[in-house]
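Below: one structure, written as C-alpha cells.
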Amino acid sequence: MDNPTELIVPERGLVSRRIFVEDEIFRKELDRIFTRAWLFVAHEDQIPNNGDYVVSKMGTDAVIVTRDMEGKVHVLLNTCTHRGMKLCRNDMGNARTFSCPYHGWSYSMDGRIVEQPGDLAGVPGFSTYYHGELEKKDWGLVRAPKVHVYKRTVWASWDPQVPTFEDYLGDMRLYLDYALDGRDGSEGNNEMIGGIYKWRVNTNWKFAPENFIGDNYHDISHRSVDLVGIGPSGGRGRRDDEPDAATTIGFPALGHGLIGEPPHYAEPEYRPGWTLDEEAAAYDRRNYDRRVEKFGDQRRVSMTVGTIFPNMSFHGRQPRTIAVFHPISPTQMEMWRIFLVDRDAPESVKEAARNYYMSYSGPGGLTESDDMENWSYATESSKGTVSRSIYFNYEMGLGHAVELEGIEGAVENGVFTEENARIFYNRWNEFMNAESWDDLVPVKKEDAE
Amino acid sequence: MDNPTELIVPERGLVSRRIFVEDEIFRKELDRIFTRAWLFVAHEDQIPNNGDYVVSKMGTDAVIVTRDMEGKVHVLLNTCTHRGMKLCRNDMGNARTFSCPYHGWSYSMDGRIVEQPGDLAGVPGFSTYYHGELEKKDWGLVRAPKVHVYKRTVWASWDPQVPTFEDYLGDMRLYLDYALDGRDGSEGNNEMIGGIYKWRVNTNWKFAPENFIGDNYHDISHRSVDLVGIGPSGGRGRRDDEPDAATTIGFPALGHGLIGEPPHYAEPEYRPGWTLDEEAAAYDRRNYDRRVEKFGDQRRVSMTVGTIFPNMSFHGRQPRTIAVFHPISPTQMEMWRIFLVDRDAPESVKEAARNYYMSYSGPGGLTESDDMENWSYATESSKGTVSRSIYFNYEMGLGHAVELEGIEGAVENGVFTEENARIFYNRWNEFMNAESWDDLVPVKKEDAE
Amino acid sequence: MDNPTELIVPERGLVSRRIFVEDEIFRKELDRIFTRAWLFVAHEDQIPNNGDYVVSKMGTDAVIVTRDMEGKVHVLLNTCTHRGMKLCRNDMGNARTFSCPYHGWSYSMDGRIVEQPGDLAGVPGFSTYYHGELEKKDWGLVRAPKVHVYKRTVWASWDPQVPTFEDYLGDMRLYLDYALDGRDGSEGNNEMIGGIYKWRVNTNWKFAPENFIGDNYHDISHRSVDLVGIGPSGGRGRRDDEPDAATTIGFPALGHGLIGEPPHYAEPEYRPGWTLDEEAAAYDRRNYDRRVEKFGDQRRVSMTVGTIFPNMSFHGRQPRTIAVFHPISPTQMEMWRIFLVDRDAPESVKEAARNYYMSYSGPGGLTESDDMENWSYATESSKGTVSRSIYFNYEMGLGHAVELEGIEGAVENGVFTEENARIFYNRWNEFMNAESWDDLVPVKKEDAE
Amino acid sequence: MTDLALLSSVQTWLYREADLLDYREYDEWLKLLHPDVRYFVPIVRNVPRTATTEFTTEGKDLAWMDEGMTIITKRVNQLKTNIHWAEEPPSRVSHLVTNTWIPECEGEPGSRRVTASSRIFVYQNRIDDEQNFFVGKRKDVLVESEGSWLLLHRTVHLDQSVMLAKALTVFL
Amino acid sequence: MTDLALLSSVQTWLYREADLLDYREYDEWLKLLHPDVRYFVPIVRNVPRTATTEFTTEGKDLAWMDEGMTIITKRVNQLKTNIHWAEEPPSRVSHLVTNTWIPECEGEPGSRRVTASSRIFVYQNRIDDEQNFFVGKRKDVLVESEGSWLLLHRTVHLDQSVMLAKALTVFL
Amino acid sequence: MTDLALLSSVQTWLYREADLLDYREYDEWLKLLHPDVRYFVPIVRNVPRTATTEFTTEGKDLAWMDEGMTIITKRVNQLKTNIHWAEEPPSRVSHLVTNTWIPECEGEPGSRRVTASSRIFVYQNRIDDEQNFFVGKRKDVLVESEGSWLLLHRTVHLDQSVMLAKALTVFL
Ligand code: FES
Ligand code: FES
Ligand code: FES
Ligand SMILES: [Fe+3]
Ligand SMILES: [Fe+3]
Ligand SMILES: [Fe+3]
C-alpha cells in the first residue's frame, strides 16, 4: 500500500500505530481529550451517605468524588492547593473535611458552612501568619466544573464548555439505560457489588474501548474459555444465548458505539437464562414477564457491550459491568471494573451474578485475562521502528454502514464489522484537532437553535 | 485566579508546578544551576589522610573528592577520560592512583609526581601503541576548577566564573558557622559521625531545600513524633526548648535562608538541655558558660535549620546535620545526611548525640520519614495534566519582610512566613534565566569596586 | 582541549559521549542505521527443516525467520498486520501457518499455496464480514525485502536499496569465512550448539561492536581470568597461543574490522592446541595438516575477533562464536551469543568446545562478565550533565594506518590501535548523515561500472 | 511444644503443592483440594489504620478470587486447552512459601484440622521480560484425610491494592 | 545432629514474630523483645573485597537502625498515633523469613541462648503503586525465658548501599 | 511419614551453604561439593505447553551453567584475585532457599543419596542501584559423607528466558 501521512485515514480504514506508542501523541490526548470529555468517575454506591468520599481518576489526574452534607456530588482535584500534597491518600471513607498532612490546610466537604465543597475551610495561622491576606476563595480545591449524576453513575468534565451529559450521550443513552436500569426495566435499578478491580496493564488505553465498542470479531481469542464454559446456564460458552437480532450500532458524530439490538417493539421470545441457579432462573423469567408488561409495544433496546467515548465501556447483560481505562503512559493503563446487580434482587440472585462476573472479568477472569495478553502484546509489538511506521487495518465493513431507524444519529453495521472502531478513531481525531468544543461537532446542534 | 504564564510569579507568591515534574525544566536546572553554583561535596572527616578519597555527586555527575600527598583537596569527575568507565567504584578508600579497570589508564592523586592530582599518570603503551602522541596533559580527569574547604566542609563548582565561596555565602556564613563551630563557639570544632545516609526519594529535589530554608509551618505534619517525644531531655516534642527570638531570615540576593535568631549581643538566659544524659547536660551547660565568656557583648547568631542555595541544607542545633539533595530525575532525588558533633566532646556526649540524631533524621528517623511521605506524594500529585497546570501558593507573609539589622543583605520575616521559599525560587529563576554569572546579581559587587 | 561541536571528530579521534546516552540520537540510529544495514538474524541450524521458524530482532523490531516449504528462508515482521498482536510468541517451532491469537488472521509459511510466505492466508469472514473487500495481498506480514543466507548464517535488511551482502561485506568476507568454514578450511563447515544466550545489559549497544572490532588494549581488564586460566590447553590465559602475525585490520569504507592475521600463503608453524583433551588435540593437529594440504601456497587469512557493521561481531578461533547487540534504549541492549563447532567434528571435540565456550562467554563467562561491568558503568558514567558534554578518546595510532596488501579496501594498524574503532564511528557518522544509500559510499562502485 | 511431625507434614504438603503448580501438574494439584474448598483472595483498600474496611468480604464483595472447586477446575481445564493465550506459551512461575507455622490445630489424629499461616512470594515471568511479583500472607485450613491433607480453605492477603500485573493467571 | 525441637521452636518463634509485625499487632510484638534488646542495621559501603570497612560499626557509627527498647517503643507508639503519615494509611508489609538455622547455642535448657541465622525479604507496598524490596541477612540472638524466647540482639545486613526506599518505616 | 531428622539435616545444610556463599567464604563452600559435582542451569525457551523443548539439555546444549568442579573452582579463584571487576567491589548477595522437601531418598543411613526440591530467590545488589532478582526452582542431589552431605548434582530452572541481569557472577 502507499504510505499515508495522517494518523487516521478514515476513508481507507487505517490508523497509524504511532498513536498507540508515542509519547507526544499521548500527552496531546491528555490535553485534548481527557480535559474535555465527560468521564465516568464513580458509582453512587461508593458514596451512599452524606460526607462519603471515594478517590478516582480523570486522565492522569487524581480526583476525589464526594457527597456533601446536602447530598450533592462533587469532583475535586486530589491535590492540596498550597504545596500540592496528595490530600486524600485513603481510597474511601466518610469525613467532614479533608485535612492536609503537610501544613494542615483543610477543605470542606460540607456545602453548608462554606460556599462550595472543596473550599478552603481552614488555614492554620490565617489571621496571624498570613495577616489575613490569603484570598481563600481562590484556593479551594480545583473543582470539575461539570458533574452529572446519571442513574447512579457519576460523570465529570474539566471543560465548562462541554455539552450537557445527555447531549454528549445522544441516543447512546438508551443503551446505557439498558445496563443501568433493572432487569425488569425499572428505572436506574442497579447496585454495585462492593469493591473495584483496579489493575495495571502494559497497553495503550485505546485498545480497550476499541475492543468493547463492537469487536465481535475477536470471539475466536476466547475459544479456550468457550470450550470450558462459564455461562450461567452451564455448557460451553461464556453467556446465555443472546438475541438473534444482535448487531453493532455506532454514533458517528459522538464516538460511541455498542454491540446490541436495534430498537424493537416487542420482547423477543423468551430464552431461559441463569438456569444453573433455580432462583436466578426464576428471577430471569420474572423479569422477562415484567418487561413484556412494562414496555408493551413501546420502543426498547438491549445490548451486550458498548463504549462511551473516550474511556468508559459497559456490559449490559452478561456480565453487567462498567469498565474504565485510565491512561498512565502511551504503553500503560490502569483498568477499573465495577459490577452491577439489581438493587432489589434476591440475595441468591446477586450471589449467582457475583460468582459469574468474577469468573468472567477482571485480571483473574477466564475471559478477560486473554484480552490483556492480546492488548499488551499488540502494544509491545507496535513499538519497533518499522512496526510503528505502519498502520492498523480497520477495513472490515467499510462503506457498509446503514442508517438505523428509531435511534437518532446511529448507524447499524452488522454483527461483524469495524465500523464502530472507525467511529471511535474518527471522533478521537476530531478531539485531537479541535482547539475547543467549538470545533467539535456540536452535539444536538439543531436542538439548541 | 487568572492564569499566569511565567513559571515563577514573585509578586504574587506563585510557583508553577511544572518546575517540579517536567523533564525539560529539569535538564535546564542541571545545566544552569548545578554546573554554576557552589555545591557541597564532602566533609573533611571522610578524607582525613593524604591519599584518602571519597565519592560524591554534583548534580547528576559522579565525582571523587581526594586529598593529595600535600594534603590539598581536589574534586574530580569520576569517569575515565579514555572511554568513560566509572573510574572509582568504591565509595571510599586510600590510594596513590586510580587505575581504570577497562584499559588501565591511571590517574594520579599525588600532587608531587604530576602537575595536578587527577592528571593522567599512566597510559599503558604510551610510547609504543600511542607512538608517544597522546597529549596526556589534556586527558587528566575533569577537575572542578573551583574547590573550597570551609571549616571542614568541602565545596566545589564547575564554573570558573563563580564568585568566591565567601561572597557566594554572604552573611549566611555566620549561620553556617554556628553549625560548624563548636558548641562553645570554638572555631570549626566539628566532627562527622562515621557513615552517611544515602537514599532515594521519589520527589523533586526542590521540595527539600524549600522545606529547610524556613518552613516552620509544617510542624503540624510532625505531630505524631511530637506526641511520642524524642527530644534529648525527654517529654513531648523533638527538641529542647529553642530561643524565644527565633524567626526566619533570608538573603534575597543570594537565595539562602534559615530559621534562627537574629544577631544578638548577649547569651539568652540558659535553658537546660540534653537532660536525659547527665554528662551531655553538663556539657551543654559548660558550653553556655564558655559562650558567655567568649562572646561577651559581641555579635553572635544561632539557628535551627537553613538552606544554602541550591541543594545543601544544614541543622545547627538539634539535630546538628548536613543534608544534600542530589537530583536524579524531575521526580526523584538521592538524599544524603551527615551528622556532626564537637570534635573534643566526651564520648558519652557524642553517643547521646548519635542516638538522638538517628531517631530524628534519615529514612528511619521518626521525624524525617513523614517529610518523605509529604514530598513524594506532593510530587506524585503534581504530575497530572490539570494538576501540573496550576500553581503552588507561597503567599504567606508576602510583603511583610523587613530589613534585618546587623546582617548584610538579610531580611527578617517572622517565624511563620514563606518569604524564604520565595527568595529561594526567585534565585532559582535568576539562575535559570542567566546566560552566565555576569547575569546573576554579582555578589558583593560593591566590595569588588 | 578546545571543545568541538560535532559528534564525531575523525581527524582528532574524538567521539562525543552524547551518542552513548541521548535518546534523540538513539532514535535516529534506529531509523538511519538499523533499517538500512544488513543485520544478522539467525543461524540456519535454528531452522533446519521446512516449516521451521525462530524469532529474532532487527533493531527494536521483532521478526520471525522462517523456512518455507521450498526450503527458502524469509524474514517477517512479527506483528499481525490487522491490529498488531505479536503474532508469534514462541521462540521457535515448526508450523504451516501463523495464526493470530486476537482475531485469527493467519499467515502462510508455505510458499506453495500463496505467492509469498508471510502472505495473509486466512481471514475469518473474508467473504462475509469483509464482503470480500480486503486487498489481502497488501496485508501479508511485512517482509524484509532483502534476505541473504551465507554459509549457514541468515542476514536481512529493510532497505531495498542496500548493496548485495557480498558487496556490503567486501573483503571482510574472507575473515567471516574463517569463522564459518571448518577448522580444516572446508567450506561453511559450521554447526550451532543448541541454545542461544540472550541477556540484557544496561549499556549503549555500540560499546560491544567497538570492543570486538579490535580492542586488544583492554586485555588488562581480563587479568583475573588470565590468572585463573581457562584456555583449552590449561595454564594461564584464555586461549591457546595465537599466531605471531596478529594485527588489526579495518575496512574504512565499510565500517568493518577485526583482530587477526593478514593474508599469508603458508600455514605458520604448528602450535599444539586443545591439549587438555586428547581427541580435541588430535583433531586440531589433523586440521592443521589438512589446511596445509588444502591451501598450499594460496592466500588464506585467520582471525580472533571482528565486527561487521553495525551490530554483529564474531570470534573465529577461541571461542568460535557469533554475537549480536540489539538496541533497546540509549542505555540498554540485549546481547545474543551463538556458538559454533565443526559439523563433522567428533562428539568429544564438540563437547570440549562447548565446555570451553561456556566458561568464556555469555553472562556467566569468566571473561565476558567483566566486559559487561565495564560497558555498563562506562555508560552509567557518561550520563551526567558535565560528563556527557565531553569526548571519548580514540587517538591511539591515529595516522598510523597502512594499506594492507592482498585485501581490498583494508588497512592494517598494528596490534594495539584504535583505528578500527575510528573506522566504526566514521561509518556510523556516514549512516547518520546519509539520506539514503545513495549518500553512503557505494560499495564496490568500481566493480559495478 | 510444637508438634514437629505435624508441622513438618504440613510444610512438606505445602511445598509439594507448590511443586505441582510450578511444574504444571494441575490434575495432581486438584487432588489436593477438598471438594468443599474455597479459595479467597480479597481486594485490599487504602483506609485508615483504624478502619475495618481494608479487605473486601468473602462471599459478598468482589475479590481477586473467591471461588470453589467448580471455577478452580475450569481454570485448570482452560490451561489444558493449550489455547489460553495469557498462559500460552506458559509463564514460568515459582511459588515461594515461607514462614509456615500452625496457630491452630483441632481434632484427633486422623481427622485433624489445622490452620497454617505462611507468607508467599509468587514470581511470574513470561515471554521476554514480563515479570510480576505477588507477595502476601496466606492462611490455609487443611483437613486430614487418609494420612495426608486436603485444602479446605485458603485466604491470601495480597500486598497490593492496585494489582500490578496485567492478569492473574496463577494460583496464589 | 541438629536439635530438631530447638530449631523448630526458633523458626516458629520467628514466624510468629513476623505475623505480629505484618498483622500490625505491635504491642504483642514488643513483648517478644528482651528489655536489653539491640536492633542493629548497619550502613553498607562499596569497598574492596579485602577491606574491613564494609559495614558501619555498632554503637559508634551511623546505622539505619542502632537502638534499644526506648526508641523501638517510640516507633510503635508513633504508629499508634494514627497520624504518622508515612504509615497512614498503613503500608502492606510481608516479612519473609527463610534459611533459619542455628549456628550457636549455649546454656542449659531453660536458659539457653541461641544465635539464629536467616535471610529476610521484606516487601512493602503502599497507596497505589509504591513498592519496596528489602532483602538481606539477619542474625538474631535469642534468650530462653519461661518456655519461650526473647530477642536480645538482631543484626540485619541489608543488601543495599543506597537505600532504594524513601523511608524505613518497617522493622527489618 | 517424613523423616524429620533427614529433612532438617538437608535444610540446615542448604542454609549453611547459602551462608557460606553470601558471607563469601568460598573455600569453605567448595568443601561442600562432591568431586564429581555437576552444576546445571539450563536456558529456558518460550515454546508451547505441549513442547518438550523448553529447556536446553545437560551435557549437550548451551546453558547458563553446565559445569563441574574444575570450572566452579576457577570461578572461586577468579573472585579471589580481587580484580574480577564484575564482582569488585563485591556485590551484596542473598540466597533465599525455600520450599525444601525430599521427594527421593535412597541408600542406607551413612551412605544415603537424597533429592531435595527447593525454590530459590537470589538477590544481588551492587554499587549504587544495580539490583537483580533471580528466582527459580532448584533440584539438588546430595550424597551422605562422613555424617554430612556433599552436593553431587544441582539443577536450577531459572524463571527467565532472556536473562535480565548483565552478568551471572553469583552461584544460583
Ligand atoms: S501542602 Fe497541603 S497544607 Fe501545605
Ligand atoms: S575506559 Fe578507562 S582506560 Fe579505557
Ligand atoms: S490482531 Fe491479529 S487478527 Fe486481529
Ligand atoms: Fe474480549
Ligand atoms: Fe520536617
Ligand atoms: Fe573483553
Side-chain angles (χ1 to χ4, degrees), chain A residues 1-3 12-23 203-204 206-207 210-211 215-224 248 370-371 373-400 413-419 421, chain C residues 23 26-36 57-63 75-89 99-106 120 122-126 128-131 133-144 158-159 326-329:
Chain A
M1 59 175 160
D2 53 314
N3 251 350
R12 292 175 58 190
L14 300 180
V15 173
S16 168
R17 294 184 178 212
R18 291 175 51 209
I19 76 167
F20 299 94
V21 296
E22 294 199 351
D23 198 51
T203 188
N204 183 277
K206 293 186 290 298
F207 277 100
E210 169 201 312
N211 178 293
D215 186 349
N216 271 315
Y217 194 47
H218 87 291
D219 247 42
I220 193 175
S221 74
H222 294 303
R223 199 149 66 92
S224 68
T248 62
D370 287 327
D371 291 320
E373 181 82 359
N374 282 317
W375 303 343
S376 56
Y377 283 98
T379 299
E380 171 66 27
S381 178
S382 298
K383 289 181 188 165
T385 306
V386 173
S387 184
R388 74 171 59 186
S389 75
I390 59 177
Y391 282 70
F392 283 164
N393 182 299
Y394 296 85
E395 289 188 76
M396 195 193 296
L398 185 63
H400 294 271
N413 314 297
V415 181
F416 293 94
T417 172
E418 282 161 347
E419 186 70 17
Chain C
D23 198 51
F26 177 74
R27 272 176 288 141
K28 196 169 165 192
E29 283 178 339
L30 292 174
D31 201 44
R32 302 220 151 179
I33 297 175
F34 287 90
T35 65
R36 289 176 179 169
K57 288 174 171 236
M58 294 174 70
T60 52
D61 283 292
V63 296
V75 178
L76 311 168
L77 199 66
N78 189 2
T79 184
C80 181
T81 56
H82 177 238
R83 205 81 90 246
M85 178 59 186
K86 186 168 188 165
L87 187 63
C88 176
R89 288 166 306 129
S99 207
C100 180
Y102 198 178
H103 308 87
W105 281 22
S106 65
L120 192 47
V123 173
F126 173 68
T128 49
Y129 316 157
Y130 280 93
H131 308 268
E133 291 165 1
L134 180 73
E135 194 59 68
K136 282 204 256 177
K137 282 273 165 301
D138 290 345
W139 291 94
L141 295 179
V142 176
R143 307 164 49 83
W158 292 115
D159 194 334
H326 300 293
I328 305 270
S329 82

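Chain identifiers are assigned alphabetically (A, B, ...) following the order of the sequence lines, protein sequences preceding nucleic acid strands; residue numbering begins at 1 within each chain.
Residue C:K86 holds its NZ atom at 6.0 Å from CD of A:E380, rounded to the nearest 0.5 Å. Annotation: the span from C:I328 atom CD1 to A:K383 atom NZ amounts to 10.0 Å, rounded to 0.5 Å. In this structure, the separation between NE2 on C:H131 and CE on A:M396 is 9.0 Å, given to the nearest 0.5 Å. Here the NE2-OH distance, from A:H222 to C:Y102, works out to 8.0 Å after rounding to the nearest 0.5 Å. Annotation: the span from A:T379 atom OG1 to C:M85 atom CE amounts to 10.0 Å, rounded to 0.5 Å.
Among A:L398, A:I220, A:V386, A:V415, the residue making the largest number of heavy-atom pairs under 4.5 Å with chain C is A:V386. The greatest number of non-hydrogen atom pairs below 4.5 Å with chain A, out of C:T35, C:T128, C:L134, is found for C:L134.
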Item to complete: Walk me through it: do C:W139 and A:N393 pass the test side chain to side chain contact (heavy atoms under 4.5 Å, CB included)?
Response: CA-CA 9 Å; C:W139 291 94; A:N393 182 299; 2.9 Å; yes
Worksheet entry | CA sep, side-chain torsions, deciding dist, call: A:E418, C:R83, side chain to side chain contact (heavy atoms under 4.5 Å, CB included) | CA-CA 11 Å; A:E418 282 161 347; C:R83 205 81 90 246; 3.0 Å; yes
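Across every non-hydrogen atom of C:P101 and A:S221, the tightest pair is O-CB, 2.9 Å. Across all their heavy atoms, A:S387 and C:L77 have their closest contact at CA-CD2, 4.0 Å.
No donor-acceptor distance shorter than 3.5 angstrom exists from the side chain of A:T385 to the backbone of C:D31, with no hydrogens or angles considered.
Contact of A:E373 with chain C is made through backbone and side chain together, with heavy-atom distances under 4.5 Å. In this structure, chain A has heavy atoms under 4.5 Å from both the backbone and the side chain of C:L30. Only the backbone of C:T81 comes within less than 4.5 Å of a heavy atom of chain A; no side-chain atom from C-beta onward does. For C:C100, no part lies under 4.5 angstrom from a heavy atom of chain A. For C:R89, the part sitting under 4.5 Å from any heavy atom of chain A is the side chain, from C-beta outward, and nothing else. Residue contact with chain A, scored on non-hydrogen atoms closer than 4.5 Å, involves the backbone and the side chain of C:H82 alike.
Side-chain contact annotation: C:H103 with A:D215, donor-acceptor N/O pair under 3.5 Å present. For the residue pair C:N78 and A:Y377, no side-chain donor N or O sits within less than 3.5 Å of a side-chain acceptor on the partner.
Within a 6.0 Å sphere centred on CZ of C:R143, heavy atoms belonging to other residues, nucleotides or ligands number more than 12.
Classification of the A:Y217-C:Y130 ring pair by plane angle, with boundaries at 30° and 60°, yields perpendicular.
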